[in-house]
Protein chains: 2
Amino acid sequence: MEQTVFNTFKKIQIEKPVDKIIKQIKTLISSGQLKPGDKLPSERKLSEHFGIGRTHVRDAIRKLEFYGILKTLPQSGTVVAGFGITALEGLITDVLDLEGNDFKSLVETRVILEQNTARFAAMRRDEKDIVSISSALAAYEKAVKEGNDTVEHDLMFHLKIAEASKNNVLKSLMLIVAPDIITFFKENDICTGTKPSKALEEHYEILEHISNREPEKAELAMYNHLKEILDTKL
Amino acid sequence: MEQTVFNTFKKIQIEKPVDKIIKQIKTLISSGQLKPGDKLPSERKLSEHFGIGRTHVRDAIRKLEFYGILKTLPQSGTVVAGFGITALEGLITDVLDLEGNDFKSLVETRVILEQNTARFAAMRRDEKDIVSISSALAAYEKAVKEGNDTVEHDLMFHLKIAEASKNNVLKSLMLIVAPDIITFFKENDICTGTKPSKALEEHYEILEHISNREPEKAELAMYNHLKEILDTKL
DNA sequence: GCCGTAAAATTGGTCAACCAGTTTATGGTA
DNA sequence: TACCATAAACTGGTTGACCAATTTTACGGC
């Protein structure tokens with residue numbers, strides 16, 4: 001695949017219809033035609049107003065709904081959150097220029113999330129958590145000794161810890177970040193770089209601290225476990 | 001609205017078609033009919049196989065795509081991530097039982113995210129960041145002194161800090177958490193509870209530390225600023 | 001028998017029509 | 001005049017058909 005010449009232009013991409021509509025909705029709000037708490041014009045009206053299919057309008061609404069900016073009531077209408085114009089405009093603007101995730105930010109964020117899931121897990125874990133974390137660790141150990149697929153089992157171990165933290169939001173955020181982490185590690189073969197035996201040992205230490213209800217130690221162990229990744233690829 | 005009797009059943013809700021299909025796709029993977037890296041059957045095939053409209057199939061695919069589990073190539077096909085069956089099953093399972101966000105988790109997570117955006121902002125801010133944070137703070141101050149809408153301007157201040165942290169992922173996660181925070185505060189009038197003048201003072205302190213490039217102090221100031229919220233409603 | 005080209009089938013993307021509830025307007029009645 | 005039943009209009013939800021690009025297949029020339 002010869003793409004060298006065109007890579008210069010890779011940043012140039014046609015604005016997706018969804019973002020176009022979101023921008024239009026933002027304009028509606030900015031111009032005061034649409035105030036916080038108002039009911040949005042019907043999807044039909046919007047689609048013909050913007051000269052675009054209703055599908056795209058629905059997509060845009062659902063995206064804004066995901067970020068809590070709109071709320072659609074079935075068979076009744078879609079409503080703008082009662083946030084105040086400042087917050088609404090700010091939020092929509094931020095939604096629009098969500099850039100791709102660079103790996104540095106990704107890892108940085110993962111470390112932060114994981115330090116805290118480990119800490120909370122040590123505070124709140126029950127027996128079931130210990131069991132599920134242990135079994136995930138066992139699967140990881142088996143994979144290490146057989147020499148393959150360590151990345152996924154590694155991540156499952158970490159996800160079980162996130163579950164034990166009893167914090168839905170933290171777990172959700174981990175879930176969002178996780179696949180990107182896996183993909184990158186797969187592509188760059190970092191997993192083979194870090195010694196699996198050492199990682200295994202560290203996993204056991206983390207589990208130990210969580211099991212013993214030692215939040216600070218668990219957090220620190222998690223940090224030490226992940227910190228070298230931070231340095232590896234900066 | 002008399003609902004007391006029915007509240008007992010509020011947890012029972014019809015399984016959304018999207019989740020139903022996601023479950024089916026998970027089954028396909030579990031049973032080995034669909035392996036990591038494989039191309040998914042076409043949307044048409046899936047829809048008639050499951051006896052459901054193609055729209056729902058597309059919705060399910062897009063949801064799984066958001067979590068990085070599927071990748072769709074326009075006019076070509078949809079592909080399963082090359083994760084290994086363990087990770088795939090685990091991730092899909094977690095996607096399926098994403099529960100609603102309880103407020104305790106929400107605030108806990110917010111504090112964590114914000115401590116770190118403040119820290120990174122103090123390390124990486126440039127002059128433009130200082131300007132935009134300052135102007136957000138000015139708007140907040142004006143709102144405080146006029147006595148309304150503090151919540152949104154408050155949040156905008158925090159979002160500008162997230163931008164200054166130069167960490168895309170952290171900012172995205174803040175964006176996800178933000179609206180829920182606003183909504184809850186609006187509904188429960190917490191903002192009026194905490195003294196706005198004190199909060200304003202704390203905001204200035206945070207900005208000061210970020211401006212002076214003092215990561216630890218910025219992080220601590222942010223923690224102190226938010227910690228009372230943690231205690232307020234536990 | 002091999003390769004290149006073109007046509008046919010298949011793909012996700014898009015759209016306009018239809019469905020089942022909700023809301024609003026209407027008009028007749030007390 | 002106030003009110004309520006009924007119907008008309010409108011809402012988001014869902015579906016099947018159409019589009020353009022891709023992929024596969026088939027055929028003809030070499």
Side-chain angles (χ1 to χ4, degrees), chain A residues 1-3 6 9-10 12-25 28-29 33-35 37-82, chain B residues 1-3 6 10 12-25 28 33-35 37-82:
Chain A
M1 282 227 292
E2 177 59 36
Q3 286 195 342
F6 297 104
F9 301 98
K10 71 181 173 185
I12 300 178
Q13 54 180 346
I14 46 167
E15 193 172 39
K16 281 193 173 180
V18 179
D19 290 330
K20 236 176 169 174
I21 295 182
I22 292 182
K23 198 172 284 183
Q24 297 272 15
I25 293 179
L28 283 182
I29 294 177
Q33 298 179 53
L34 203 57
K35 288 170 203 157
D38 276 4
K39 246 187 8 188
L40 218 67
S42 76
E43 297 179 354
R44 281 177 244 284
K45 294 269 178 62
L46 286 175
S47 72
E48 76 181 46
H49 185 336
F50 297 149
I52 199 88
R54 196 153 76 94
T55 309
H56 295 304
V57 174
R58 302 194 95 238
D59 287 348
I61 290 177
R62 288 180 54 181
K63 189 168 182 180
L64 290 178
E65 207 177 356
F66 174 78
Y67 288 101
I69 295 170
L70 298 179
K71 176 76 185 173
T72 126
L73 318 169
Q75 261 70 354
S76 173
T78 302
V79 162
V80 182
Chain B
M1 281 226 291
E2 179 58 36
Q3 286 195 343
F6 297 104
K10 71 182 173 185
I12 300 178
Q13 54 180 347
I14 46 167
E15 192 172 40
K16 283 193 174 180
V18 179
D19 290 331
K20 234 176 169 174
I21 295 182
I22 292 182
K23 198 172 284 184
Q24 296 272 16
I25 293 179
L28 283 182
Q33 298 180 55
L34 203 56
K35 289 171 202 157
D38 276 4
K39 244 183 14 183
L40 220 67
S42 77
E43 296 180 353
R44 282 179 242 286
K45 295 269 177 62
L46 285 175
S47 73
E48 76 179 46
H49 185 335
F50 297 148
I52 199 87
R54 194 153 78 95
T55 308
H56 295 305
V57 174
R58 302 194 95 238
D59 287 348
I61 289 177
R62 288 180 54 182
K63 188 168 181 181
L64 290 178
E65 207 177 355
F66 174 78
Y67 288 100
I69 295 170
L70 298 179
K71 176 77 185 174
T72 127
L73 317 170
Q75 261 68 358
S76 172
T78 302
V79 162
V80 182

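Letters go in sequence order (proteins before strands), and every chain restarts at 1. These numbers were taken from a predicted model, which means no experiment stands behind them. Computed from heavy atoms alone, side chains included, the values below leave out hydrogens, waters and symmetry copies.
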The criterion is side-chain contact (heavy atoms from CB on, under 4.5 Å); which residues satisfy it with [X], sequence neighbours excluded?
X     : result
A:T55 : A:D59
B:S76 : B:L73
A:P17 : A:H56

- Query: So do A:L70 and A:V80 actually touch side chain to side chain, heavy atoms under 4.5 Å?
  - Reply: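 Yes, close enough: below the 4.5 Å cut-off.
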- Message: Quick check: do B:L64 and B:I22 have side-chain heavy atoms less than 4.5 Å from each other?
- Response: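 With C-beta onward as the side chain, the pair touches.
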- Task: Kindly write out the residues that satisfy ring-ring contact (aromatic ring centres under 6.0 Å, His included) with A:F50, not counting sequence neighbours, or none if the list is empty.
- Result: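 ring-ring contact (aromatic ring centres under 6.0 Å, His included) check on A:F50 returns nothing, list empty.
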Could you list the protein-to-nucleotides 17-23 of chain D atom pairs, N/O on both sides, closer than 3.5 Å?
from	atom 1	to	atom 2	distance (Å)
D:dA20	N3	B:Q75	NE2	3.4
D:dT23	OP1	B:S76	OG	3.4

- Item | Integer-rounded Å distance: C:dC19 C1' and A:E43 CD |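 Computing the A:E43:CD to C:dC19:C1' distance gives 14 Å.
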- Atom-to-atom span, CG of B:L40 to C1' of C:dG12 - whole angstrom: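 After rounding, the gap between these two atoms is 12 Å.
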- Message: Applying side-chain contact (heavy atoms from CB on, under 4.5 Å) to A:V57 and A:I52, what does each step give before you reach the verdict?
- Response: CA-CA 8 Å; A:V57 174; A:I52 199 88; 4.2 Å; yes
- Quick one: do A:K71 and A:E65 make a salt bridge, cutoff under 4.0 Å?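 Result for this pair is no, no salt bridge flagged.
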- Nucleic acid contacts - residues 55-73 of chain A versus DNA chain D, non-hydrogen atoms under 4.0 Å: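 Nucleic-acid contacts, sorted: A:R58, A:T72, A:L73.
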- Message: On the nucleotide C:dT11, are OP1 or OP2 found under 4.0 Å from the side-chain N or O atoms that B:T78 carries?
- Response: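 For B:T78, the contact criterion (side-chain N or O under 4.0 Å from OP1 or OP2 of C:dT11) is not met.
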